[in-house]
Amino acid sequence: MANQNPSSIPISNPETTQTNPTTSFSPKVIVQKVKTNLVLRSKWAELNGAIGDLGTYIPIVLSLTLSRNLNLGTTLIFTGIYNILTGAIYGVPMPVQPMKSIAAEALKDASFGVPEIMAAGILTGAVLAVLGVTRLMQLVYTLIPLSVVRGIQLAQGLSFALTAVKYIRKTQDLPNSKALGERSWLGLDGLVLAIVCLCFIVIVNGDKDHGCEKRIEEDGRNRSRVRRVVFSLPSAFIVFVLGVVLAFARRPEMVHEIKFGPSTVEVVKLSKHAWKKGFVKGTIPQLPLSILNSVIAVCKLSKDLFPEKEFSATSISVSVGMMNLVGSWFGAMPCCHGAGGLAGQYRFGGRSGGCVAILGGAKLVLGLVLGSSLAHILRQFPVGILGVLLLFAGIELATCCRDINSKEDSFVMLVCTTFSLVGSSAALGFLCGMIVYVLLRLRNWTSDKLFPNMAA
């Protein structure tokens, strides 16, 4: 059925996947490719998929808007344009997410303000652009083993899921990234609401791997028609709309605080101090995460989800670089692609570039019509609902590791995941995973040399 939410991530063998790059770049071919990339395969499913990445986008952007005076209107406009362009270029729900290490530093350090954030974004974008243009990123992509990439993805997925549970269980002070205490059971942002939303999404989306769709198609009774309608509902979109309604219900007077019109777009003034601090505290910790999760992991996951498409590390690295070399000068939050966002959008039905184009169009309209006053609405949005959306994105990303079958590769993956989570650093996890991978390969090589008969 066209409108049904799809099943979990399929895993393909990246070594056997063959793609045929486009050889013609005439205007007619480019226009046709853009049209093809933006075609919606299923209107409801693609609309549903567009919501799948908001569990990470909204908390980070809202926190920086309220605590560091990030220009929300400018961020919405630029990220909306990024969404539309990436959808047209790649033809898949390629996400646009805030750079998490830079955001974390800004929320932790009160002196790390907008100039430092933007300097960090520009410098990170410049490095990624250079790595892409020189094709060094493609070399890195080729050399990193799949088990290490899966370890990074598993760690990121579990990190999202753990954060989601925290959002659901605890009341949150998003501007200061602090949990304030146990969430009450009742209320417009209570545990009951979050649990009901969670159960609703599980009922609509969660039974796709058990022959449910096939049984519905084979059963012609009236009850099956009801089930067909239920299982085709855009669950994430419905839950998000519910959150918006509840935001107004929690504080009706905020209607008078909303001002129409876009925010003023200005060039951010960057001092030498901002460049230095942005590089040391923002760019250096962000680069490993961007290279591993925003480029390498996205390439691997994209091949798993869309084996008929061609995604090069060079292209994605340049894409991330250009976004930040342009938008960060005007105060837009530094952004990247992310495996978690891709998994979340795929989980809820995103299959084409039209999915993120819808999201981009909505961001663009909101940025132009409401500007930064949209923060008043987002501030009242139930955090428990954001946690539910983030939970599914994290779980879907974590399930990508199920194609690791050998005990040796599983060991490497789990070492990488463990150190990533314990050290809160993808770079540390990557380093430990690579060391273990090399040691195991050396062990196997020396065993083959010293005991050839045993190896045979």
Side-chain angles (χ1 to χ4, degrees), residues 9 11 14 56 60 97-105 107-108 120 124 127-128 131 137 139-166 177 280-301 304 313 317 336-344 390-391 393-445:
I9 292 177
I11 298 295
T56 54
I60 293 176
Q97 299 179 316
M99 288 188 171
K100 297 176 182 62
S101 289
I102 293 176
E105 180 61 33
L107 293 173
K108 180 178 65 176
T124 304
V127 173
L128 291 175
L131 290 175
M137 188 65 79
L139 177 62
V140 173
Y141 172 74
T142 304
L143 294 176
I144 296 179
L146 181 63
S147 57
V148 174
V149 177
R150 293 294 188 236
I152 296 296
Q153 291 174 321
L154 179 59
Q156 187 73 66
L158 292 177
S159 177
F160 281 174
L162 292 172
T163 301
V165 173
K166 181 179 71 174
S177 297
V280 174
K281 292 195 171 184
T283 299
I284 292 177
Q286 178 64 48
L287 273 175
L289 184 61
S290 291
I291 292 172
L292 295 171
N293 188 59
S294 302
V295 180
I296 306 299
V298 166
C299 284
K300 296 284 189 183
L301 185 59
D304 293 334
S317 184
C336 59
H337 304 309
L342 178 58
L390 182 58
L391 177 64
I395 292 174
E396 191 69 3
L397 179 59
T399 59
C400 70
C401 70
R402 68 179 184 268
D403 65 335
I404 300 297
N405 298 317
S406 72
K407 186 175 181 179
E408 185 176 284
D409 286 343
S410 297
F411 180 70
V412 173
M413 178 185 71
L414 292 176
V415 166
C416 184
T417 299
T418 302
F419 279 93
S420 295
L421 289 175
V422 173
S424 299
S425 170
L428 177 62
F430 168 75
L431 178 62
C432 295
M434 287 299 297
I435 291 173
V436 172
Y437 177 83
V438 172
L439 290 176
L440 289 175
R441 287 295 177 269
L442 287 174
R443 175 180 177 273
N444 294 338
W445 180 78

Derivation of the side-chain contact (heavy atoms from CB on, under 4.5 Å) call for Phe411 and Leu440 | CA-CA 10 Å; Phe411 180 70; Leu440 289 175; 4.1 Å; yes

Hey, could you give me the [atom1]/[atom2] distance between [X] and [Y], rounded to the nearest 0.5 Å?
X: Leu139; Y: Leu143; atom1: CG; atom2: CG; result: 4.5 Å
X: Ile296; Y: Ser290; atom1: CD1; atom2: OG; result: 11.5 Å
X: Leu397; Y: Asn293; atom1: CG; atom2: CG; result: 7.0 Å

With sequence neighbours excluded, residues passing side chain to side chain donor-acceptor pair (under 3.5 Å) with Gln156 =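 Per chain and number, Gln156 pairs via side chain to side chain donor-acceptor pair (under 3.5 Å) with no residue.
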
Between [X] and [Y], is any pair of side-chain heavy atoms under 4.5 Å apart?
X: Val412; Y: Pro145; value: no
X: His337; Y: Leu342; value: no
X: Val295; Y: Tyr141; value: no
X: Asp409; Y: Leu146; value: no
X: Cys401; Y: Met413; value: yes
X: Gln153; Y: Val149; value: yes
X: Met99; Y: Glu105; value: no
X: Leu292; Y: Ile144; value: yes

Heavy-atom closest pair, residues Pro98 and Cys336 |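 The answer is O-SG, 4.3 Å.
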
Taking all non-hydrogen atoms of both residues into account, name the closest pair between Ala120 and Thr283 and its distance.
->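 That would be O-OG1, 3.1 Å.
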
Okay, side chain of [X], backbone of [Y]: is any donor-acceptor separation there less than 3.5 Å?
X: Gln286; Y: Ile102; value: yes
X: Thr124; Y: Leu287; value: no
X: Ser159; Y: Ala155; value: no

Counting heavy atoms not belonging to Arg443, are there more than 12 under 6.0 Å from its CZ?
->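 Open.
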
